[in-house]
Amino acid sequence: MKKIAVIGHPVSHSLSPFIHNAWIEEYRLNAKYDAVDIAPENLKTQIRSMIADGYVGFNVTIPHKIAVMDICDTIDESAKNIGAVNLIAVSRQGKIQGFNTDGFGFIANIKTQKPSFDFSSGAALIIGAGGATRAIIDGLMQQNIPEIYVTNRTRSKVADIAKTYNINIVDWEQRHRAVKNAALLVNATSLGMVGQPPLEIDLSRLSANALVCDIVYKPLMTDLLLAAAAQGNGIVTGLGMLLHQARPSFKKWFGVLPDISDKLRMEIEQKAAQ
Ligand code: NAP
């Protein structure tokens with residue numbers, strides 16, 4: 001039996017076991033996927049002992065995505081640029097290989113919800129400069145997006161991203177104006193999430209053809225998406241990013257890129273709303 005786990009601290013909230021175990025059942029595989037809580041000080045020893053115990057793959061969540069890079073024998077180009085690993089595959093020779101699938105998840109979610117969206121049609125404006133933003137930029141660059149603008153409350157974090165990626169920095173106070181040039185507007189902050197303040201952004205200058213995407217998925221329809229939809233803009237909800245980022249993980253471990261059935265999507269929507 002193949003043993004896989006998501007590791008984090010805390011980790012009990014993770015939806016990954018439900019998603020992967022649904023696919024394991026669908027493809028009738030002899031495997032199991034657990035959630036294992038690992039305290040930061042035990043990260044390296046516990047991963048090594050899990051591998052010795054037969055684990056061949058991991059998803060990595062907060063707070064281990066950066067620290068886990070230290071124990072990877074190889075890290076792929078995107079994960080290096082993003083500066084975080086969320087997928088580990090252990091090779092037959094025991095090599096620990098690190099990847100990042102968040103950029104794939106972001107792009108695949110847009111392609112699924114808005115197949116007609118043309119990434120080369122104009123610039124993207126990303127609000128936020130946390131871990132998710134780096135993965136989104138990496139994904140967008142692979143789609144040959146012509147220009148990327150990033151704005152964040154803490155400017156130094158965008159300046160840091162600009163050391164790795166060719167992006168334009170927008171002052172936080174200028175974000176309302178910057179909306180004007182965006183073909184794609186993305187909220188990659190935690191603003192708008194249940195329990196967090198709303199995202200304050202004036203959409204009145206937004207082009208009628210622009211697509212608005214929120215990676216916050218609790219609630220699924222954030223105030224940003226409601227406002228964009230109310231003025232006729234296309235929208236993309238965030239939960240699909242979570243579902244799609246899981247697919248390349250499954251492929252690395254089991255050799256098959258799974259589909260997201262309507263049943264799985266609806267079950268995850270219900271779980272995420274709880
Ligand atoms: P993170 O690294 O903690 O970054 C948080 C971001 O939110 C930073 O840019 C931060 O700005 C900004 N922010 C927080 N509070 C703010 C406030 N009061 N005013 C202005 N900006 C504020 O988090 P992350 O990992 O990038 O994730 C961001 C959000 O995306 C979270 O809600 C997360 O749940 C969601 N997410 C969803 C998916 C998905 O699959 N759909 C995947 C990853 C993340 P500062 O730098 O100024 O603090």
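Nothing here was measured: the structure is a model prediction, and the numbers come from that model. Atoms within a ligand are numbered from 1 in the order they appear, just like the ligands themselves.
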Between Gln274 and Lys218, do the side chains contain an N or O donor and an N or O acceptor separated by less than 3.5 Å?
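On atom types as modelled, these side chains do not qualify, holding no pair under 3.5 Å.
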Under 3.5 Å side-chain donor-acceptor pair for Ser207 and Asn209
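Side-chain D/A pair, Ser207 to Asn209: absent.
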Are the charged groups of Arg265 and Glu269 less than 4.0 angstrom apart, N to O?
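So Arg265 pairs with Glu269 through a salt bridge.
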In this structure, which one of Trp253, Phe254, Phe250 forms a ring pair (Phe, Tyr, Trp, His ring centres under 6.0 Å) with Trp23?
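Answer to the ring pair (Phe, Tyr, Trp, His ring centres under 6.0 Å) test with Trp23 among Trp253, Phe254, Phe250: Phe250.
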Could you pull out every protein residue that has a heavy atom closer than 4.0 Å to ligand 1, ordered by chain and then number?
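Residues within 4.0 Å of ligand 1: Gly128, Ala129, Gly130, Gly131, Ala132, Asn152, Arg153, Thr154, Lys157, Trp172, Ala188, Thr189, Ser190, Leu191, Met193, Ile215, Val216, Tyr217, Gly238, Met241, Leu242.
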Crowded around Gln196 CD? As in, over 12 foreign heavy atoms under 6.0 Å?
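Enclosed: over 12 neighbouring heavy atoms sit under 6.0 Å from CD of Gln196.
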Where do Leu206 and Val212 come nearest, in terms of heavy atoms and distance?
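Closest approach of Leu206 to Val212, heavy atoms only: CD2-CG2, 3.6 Å.
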